[in-house]
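Below is one structure, written out as structure tokens; the observations come after it.
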Amino acid sequence: MQQYIKEENIFLNQELTTQDEVFQFLAEQAVKAGIATDAEAIYQKFNEREEESTTGMMDGFAIPHAKDKSITEAEVIIVYPNAGIEWNSMDDSLSKYIIALFVPDIEAGTTHLSLLSTLARLLMKADVTDKLKKATSATEIAEVLNSNIAES
């Protein structure tokens, strides 16, 4: 099975309490993982995108995304904070499951839309979201998403 979602890019039980902290954490992890070269640029892109419209979905999920020239490869980082985060979500719920997309500028129209639409469709499936909520390890989360992405 292809690994669309990598276990090493999944962070559980994180002490993050605000959207700003989440964006900083994601930007720093992207640089550490070699996904991007400029944490400050990524942080800014997350904020700019959020100003356009919320990336807080339903049922505790958020899909923030950044497109930037400093991003070297399309990738996903997942964060489960210890507590829900205020995200201006569509159903006013706190976000507990953050699935962040990183897309190079050169792939913005293709990879970005494909990945975003695939993940958004998966998050509309109760069986997928239930499994993601119950997952207690990076391995479980990666397996749920990778198997469902492969099927879509």
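Among the candidates L12, N13, I10, L16, the single residue satisfying the side-chain contact (heavy atoms from CB on, under 4.5 Å) test with V79 is L16. The only member of T129, D92, L123, D91 that meets side-chain contact (heavy atoms from CB on, under 4.5 Å) when paired with M58 is D91.
Without hydrogens or angle criteria, S93 side chain to G60 main chain gives a donor-acceptor distance under 3.5 Å. S95 contributes no side-chain N or O that, together with a main-chain N or O of W87, makes up a donor-acceptor pair within less than 3.5 Å. Formation of a donor-acceptor pair under 3.5 Å by the R49 side chain with backbone atoms of S53 is found in this model. Checking side-chain atoms of T72 against main-chain N and O of I35 turns up a donor-acceptor pair under 3.5 Å.
For E75 and K6, the salt-bridge test passes: some basic side-chain N is under 4.0 Å from an acidic carboxylate O. Using a cut-off of 4.0 Å between Lys/Arg side-chain N and Asp/Glu carboxylate O, D59 and K133 are scored as salt-bridged.
For the residue pair E143 / T139, no side-chain donor-acceptor distance below 3.5 Å is found, with atom types taken as modelled. No donor-acceptor contact under 3.5 angstrom links the side chains of T18 and E86, judged on distance only. Between E40 and Q44, the side chains place a donor N or O and an acceptor N or O closer than 3.5 Å (distance only, hydrogens not considered). If you check the side chains of D20 and Q24, you find a donor sitting under 3.5 Å from an acceptor.
Using cut-offs of 30° and 60° for the angle between ring planes, the F46 and F23 rings count as parallel.
Minimum heavy-atom separation, Q19 to I85: N-CG2, 3.4 Å. Shortest non-hydrogen contact noted between K67 and D105 is C-OD1, 3.6 Å. Of all heavy-atom pairs between I71 and P104, the closest is O-CB, 3.3 Å. When every heavy atom of I5 is checked against every heavy atom of A142, the shortest pair comes out as O-CB, 3.9 Å. Contact detail for I42 and A36: the closest heavy-atom pair is CG1-CB, 3.9 Å. Nearest approach of E7 to A138, heavy atoms of both residues: O-CB, 3.7 Å.
Residues L132 and L145 form a side-chain contact, since some pair of their non-hydrogen atoms from C-beta on lies under 4.5 Å apart. Residues N9 and Q29 fail the side-chain proximity criterion, which asks for heavy atoms closer than 4.5 Å. Side-chain contact check for D38 versus V31: every heavy-atom pair is 4.5 Å or farther apart.
By the rule that hydrophobic residues join a cluster once side-chain heavy atoms approach within less than 4.5 Å of another member, L101 and L26 end up as members of separate clusters. Transitive grouping of hydrophobic side chains (ILVMFWY, heavy atoms separated by less than 4.5 Å) keeps I99 and F11 in distinct clusters. Under the 4.5 Å side-chain heavy-atom criterion for ILVMFWY residues, a single connected hydrophobic cluster contains both M90 and I63. Cluster annotation: M57 is not connected to I77 through the hydrophobic network of ILVMFWY side chains, with a link wherever side-chain heavy atoms come within less than 4.5 Å.
The CG atom of N148 lies 5.5 Å from the CD atom of E151; values are rounded to the nearest 0.5 Å. Once rounded to the nearest 0.5 Å, the distance linking CG of D68 with NZ of K45 reads 5.0 Å. Rounding to the nearest 0.5 Å gives a distance of 6.5 Å between CG of L94 and NZ of K96.
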Exercise. Give the intermediate values and the outcome of side-chain hydrogen bond (donor to acceptor under 3.5 Å, both in side chains) for residues E21 and T17.
Key: CA-CA 7 Å; E21 287 178 3; T17 58; 3.2 Å; yes

Practice problem: Tell me, with the steps shown, if T55 and H65 meet side-chain contact (heavy atoms from CB on, under 4.5 Å). | Solution: CA-CA 8 Å; T55 58; H65 38 288; 3.7 Å; yes

Practice problem: Decide yes or no on side-chain contact (heavy atoms from CB on, under 4.5 Å) for I78 and I98, but give the supporting numbers first. | Solution: CA-CA 6 Å; I78 297 172; I98 294 131; over 6 Å; no

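For F25 and Y43, the ring centers are positioned 6.0 Å apart or more.
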